[in-house]
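The structure under discussion appears below in the form of structure tokens.
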Amino acid sequence: MTNLLVGLNDPQREAVTTIDGPVLTLAGPGSGKTRALTHRIAYLIQECGIAPWNILAVTFTNKAAKEMRNRLLTMLSENQVYYVSVGTFHSLCARWLRREIEVLGYYDTNFVIYDTNEQQTIVKKALREMDLDEKRWRPNAMHRVISNAKNEMITPDKLPVRTYQEEIAARVYEQYQKLMQQNNAMDFDDLLLITHLLFQSQPEVLAKYREQYQYVMVDEFQDTNMVQYQLVQMLAGKHGNIFSVGDIDQGIYSWRGADYRNVLNFQKDYPTHKLIRLSQNYRSTDTIVNAAKHIISKNTQRIENELFTERGLGHKIKQVEKYDAEEEADYVVSEVRRLNDEENIPAGDVAVMYRTNAQSRLLEEAFIRQSMPYLLLRGIKFYERKEIKDLLAYLRVLHNPADSLSLSRIINVPARGIGAKTISKLDRWAFSQNLSPLKAILRLGVELNLQNHPFSTRSKRVLTGFGQLLDRLFVAKENLSLPDFFDFLVARSNYKEFTKDGSEEGEERWENLLELRRSMTSFGPTSAVEVLGEFLENVALVADADMLTEENSATALLTLHTAKGLEFPVVFIVGMEDGLFPHSRSAEDSERMEEERRLAYVGVTRAKDRLYLTRAFRRQRGYSGFYEPSEASRFLSDLPPELVDGGRRSPRKSSTISRPKNKSTRWGSTKKSATPTKTTVSYKIGEKVTHAKFGKGTVISTKIDRGEEYVQVAFEGQGIKTLAVSFAKLERS
DNA sequence: AATGTGTTCTTTTTT
DNA sequence: AGAACACATT
């Protein structure tokens, strides 16, 4: 027996050694699928003599790809690992397109990837060009329609136009695509869609990749969408050596076009497939595995795969209920500290997970208040900073001169006297000359006695000045390494002194830019022109989870979605409240409710040793600043009492509902108020009341502020009013 | 052209 | 409550 098979259980071994034909591996959480995948790759290379470049492995995140590579390095030589294609669908597609796209004729190899914000801007531009009112046609909604269409491979002309709404949407979609192409830009969906189109329309290109990828492996199959599935099918065409790994119970991205039914489709499309079940969980204690099973067992859309573990019972799940969300956050942080102090569990072993990003704020504040280290996994935040976006816009324009969106971002940053007027003149003139705005600027500088331009002497001067800057930068990118090019760029554009203005914030901005520069150093001395595309692609496709590193010593704060594929010794899931988790937006639809349940399943199974489920009795939601009472999440009641410690199940102590202590500052001091300070609300949401002036109404929220109770009441025909209970003469009715 | 003011919208999850 | 954006003022 080869040592690649040592330490694997039977189904894992089967997964590793079944190399020919389609295989579907149902892998429960923590069942060692990454292990199976990596060993399989090593086995293919070492035992079966398959060349590394004949292997394609698709992961869900870049982090997973990196991890896979690292694990492979323990079994294979660096050279072998280098030639295996490992990546996410998006990054692999980007790479293929970079190489092949020019045959399509309407994109060039230097295309850039637009992020969500830029996609939004393009939608708005499309609306504006079509003279449609942004108020009436929500860019957000339009964008959703477009993205959904793309996920189902529907082109603008195929979009159903049964209603006026749909007709507009189809036209906006068409215009959107046109603008994207004009800018030589793609959105995330395009990366997949256009690759699909490329393979479909260029048989020789597809043949080449088919030939190359003799063995195709796809992880997280339950979260593939239609395009991704078809890409896999195309690539694996003849040989059908597809190894797919999935778990329907962990499908949590349907709202993004993913369809867990692809696992079932796989079974249908490849009737000869071998089915392997990885059911032994090596990650979590029996208690945690059991809890997870109780939660997921309520779902109807499943494939049976009975999970088990031999790790023993371990700690009970700790259920904690606090007075409000602030207290909940404080509890989490103090418990992290206690675990650290008393049980020797490093803070970096702990993760705090939540349903919505908005919940991170209170947690952050609590960590800061108690000066405990934390790591917020919302990676893009770095790239959302103005100075970073500006610099990236420069790089993108220099990489892809067609990118007029980025050009408009930097054309007057730092300020060089090119205002809105000049810009719109430029756009119109460029259009009339059939030039891109950037080309138009450059032309203005070259043809000195150009007559037919609309600019004032001053405007022309600043524009040509900007053109000269760009010219110099274009030359520099050929000759300098990426970091050196960065230095040249910030110096020549005056961006350095613009942003580093002596203020404290300026210093911070500059630090951020240096951080950006640091991320360039890994590209070595190769000239910027060679690596700029790859650099920008990396930036565009980073995922939140990619930030998390092995040696991280701070507690991770992340959404349940981001937590997918990760594991931690200790996990807190906060906000276990109906309406929040499961989210109210999923309440009406049983399909979506099942997905919430899967999300809970994913969250719970991230924990190795200890799991905390916390909730608050009241929490501020929405923008009103009003507290709303909340009910326990239905997922909590799915847990059998013997697995749980604390919460409502344990014999109730008188102080289960803790009252805020030392919170007089927040709710006003008792010194000043003449009336007794109220701490609890007397009205309930939904209660019917009558007001002398406004008539009948329904209480929709309540809050206490400075010892005074306020209610929001929806009055029939009068709208919503906020009333102070002690003043308004409200009668219960 | 830069700065200030007001209005409106937003919160589900993300490559 | 805060961001983003449109519009107005200096």
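Reminder, nothing fancy here: chain letters follow the sequence lines and each chain counts from 1. None of these values were measured; they are calculated from a predicted model.
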- Of A:Tyr253 and A:Arg458, whose closest DNA chain B nucleotide lies nearer the 5' terminus?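 The answer here is A:Arg458.
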
Of A:Asn412 and A:Leu541, whose nearest nucleotide on DNA chain B comes first from the 5' end?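 In this pair, the answer is A:Asn412.
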
By side-chain contact (heavy atoms from CB on, under 4.5 Å), which residues pair with [X], not counting sequence neighbours?
{"X": "A:Glu567", "answer": "A:Arg283, A:Lys608"}
{"X": "A:Ser147", "answer": "A:Asn151, A:Asp189"}
{"X": "A:Ile101", "answer": "A:Leu97, A:Leu104, A:Tyr107, A:Phe111, A:Met186, A:Ile194"}

Could you work out, with side-chain hydrogen bond (donor to acceptor under 3.5 Å, both in side chains) as the rule, every residue matching A:Lys125, not counting sequence neighbours?
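Once residues adjacent in sequence are excluded, A:Lys125 has no partner under the side-chain hydrogen bond (donor to acceptor under 3.5 Å, both in side chains) criterion.
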
(message) Restricting to non-hydrogen atoms, name the atom on A:Thr88 and the atom on A:Phe60 that form the minimum distance, rounded to 0.1 Å.
(response)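 Heavy atoms only, the tightest pair is CG2-O, 3.6 Å.
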
Over how many whole Å does the gap from [X] atom [atom1] to [N] atom [atom2] extend?
{"X": "A:Arg144", "N": "B:dT14", "atom1": "CZ", "atom2": "C1'", "value": "13 Å"}
{"X": "A:Phe188", "N": "B:dT14", "atom1": "CZ", "atom2": "P", "value": "12 Å"}
{"X": "A:Tyr354", "N": "B:dT14", "atom1": "OH", "atom2": "C1'", "value": "13 Å"}
{"X": "A:Asp259", "N": "B:dT15", "atom1": "CG", "atom2": "P", "value": "20 Å"}
{"X": "A:Asp219", "N": "B:dT15", "atom1": "CG", "atom2": "P", "value": "16 Å"}
{"X": "A:Met353", "N": "B:dT14", "atom1": "CE", "atom2": "P", "value": "13 Å"}
{"X": "A:His561", "N": "B:dT14", "atom1": "NE2", "atom2": "C1'", "value": "8 Å"}
{"X": "A:His143", "N": "B:dT15", "atom1": "NE2", "atom2": "C1'", "value": "12 Å"}

Report which part of the nucleic acid [X] touches: base, sugar-phosphate, or nothing (heavy-atom distance under 4.0 Å, all strands).
{"X": "A:Ser91", "result": "nothing"}
{"X": "A:Asn357", "result": "sugar-phosphate"}
{"X": "A:Arg128", "result": "sugar-phosphate"}

Practice item. For A:Phe535 and A:His399, run ring pair (Phe, Tyr, Trp, His ring centres under 6.0 Å): C-alpha distance rounded to whole Å, both residues' side-chain angles, the deciding distance at 0.1 Å, then the answer. Key: CA-CA 11 Å; A:Phe535 174 77; A:His399 178 65; over 10 Å; no

### Query
A:Ala358 has a side chain; which of B:dT15, B:dA1, B:dT11 sits nearest to it?
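Among B:dT15, B:dA1, B:dT11, the one nearest the side chain of A:Ala358 is B:dT11.
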
_Derivation of the ring pair (Phe, Tyr, Trp, His ring centres under 6.0 Å) call for A:Phe498 and A:Tyr495_ = CA-CA 5 Å; A:Phe498 162 72; A:Tyr495 202 91; 5.3 Å; yes

Could you pull out every donor-acceptor pair under 3.5 Å between side chains of residues 581-589 of chain A and any protein atom, sequence neighbours left out?
residue	atom	partner	partner atom	Å
A:His583	ND1	A:Arg585	N	3.0
A:Ser586	OG	A:Glu596	OE2	3.0
A:Asp589	OD1	A:Glu591	N	3.0

Can you list, in residue-number order, the parts of [range] that come under 4.0 Å of DNA chain B, counting heavy atoms only?
{"range": "residues 110-125 of chain A", "answer": "none"}
{"range": "residues 415-426 of chain A", "answer": "A:Ala415, A:Gly417, A:Ile418, A:Gly419"}
{"range": "residues 576-585 of chain A", "answer": "A:His583, A:Arg585"}

Suppose the criterion is side-chain hydrogen bond (donor to acceptor under 3.5 Å, both in side chains): which pairs have a residue in residues 410-419 of chain A, not counting sequence neighbours?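 Applying side-chain hydrogen bond (donor to acceptor under 3.5 Å, both in side chains) to every pair that reaches into residues 410-419 of chain A, excluding sequence neighbours, yields A:Tyr394-A:Arg416.
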
TODO: Identify whether NZ of Lys or CZ of Arg in A:Arg606 sits under 6.0 Å from the centre of the six-membered ring of A:Phe568 and within 45° of that ring's axis.
DONE: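 That pair does not qualify as a cation-pi contact.
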
Does a side-chain N-to-carboxylate-O contact under 4.0 Å join [X] and [Y]?
{"X": "A:Asp390", "Y": "A:Lys386", "answer": "yes"}
{"X": "A:Arg598", "Y": "A:Asp249", "answer": "no"}
{"X": "A:Glu328", "Y": "A:Arg619", "answer": "yes"}

Exercise for the section: Could you grab the distance from atom OG1 of A:Thr562 to atom CE of A:Met353, nearest 0.5 Å is fine? Expected result: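 Separation between the atoms: 9.5 Å.
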
*Any chance you could measure A:Gln228, atom CD, to A:Leu92, atom CG, to the nearest 0.5 Å?*
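Those atoms lie 10.5 Å apart.
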
Exercise. A:Tyr354 versus A:Ser360: any side-chain heavy-atom pair under 4.5 Å?
Worked result: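 SC-SC contact between A:Tyr354 and A:Ser360 confirmed.
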
Task: Residue pairs involving residues 222-232 of chain A (criterion salt bridge (Lys or Arg N to Asp or Glu O under 4.0 Å); sequence neighbours excluded) - done: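 For residues 222-232 of chain A: A:Asp223-A:Lys564.
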
Taking N or O atoms only and anything under 3.5 Å, show me the protein contacts with nucleotides 8-10 of chain B, one pair per line.
residue	atom	partner	partner atom	Å
B:dC9	OP1	A:Arg138	NH2	3.3
B:dT10	N1	A:Tyr623	OH	3.4

Is the aromatic ring centre of A:Trp255 closer than 5.5 Å to the centre of the six-membered base ring of B:dT13, with the two planes inclined by less than 30°?
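It does: the two rings, one from A:Trp255 and one from B:dT13, meet the stacking criterion.
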
Listed pairs, N/O of protein and of nucleotides 7-9 of chain C, under 3.5 Å:
none

_I'd like the C1' distance from B:dT11 over to C:dA6, given in whole Å._
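Per the computed distance, 23 Å lies between those C1' atoms.
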
**OP:** Check whether any side-chain N or O of A:Thr559 sits under 4.0 Å from OP1 or OP2 of B:dT14, and answer yes or no.
**Re:**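 Yes.
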
If you compare every side-chain N and O of A:Asn62 against the phosphate oxygens of B:dT15 (OP1, OP2), does one of them come in below 4.0 Å?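 Indeed not, no polar side-chain atom of A:Asn62 lies that close.
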
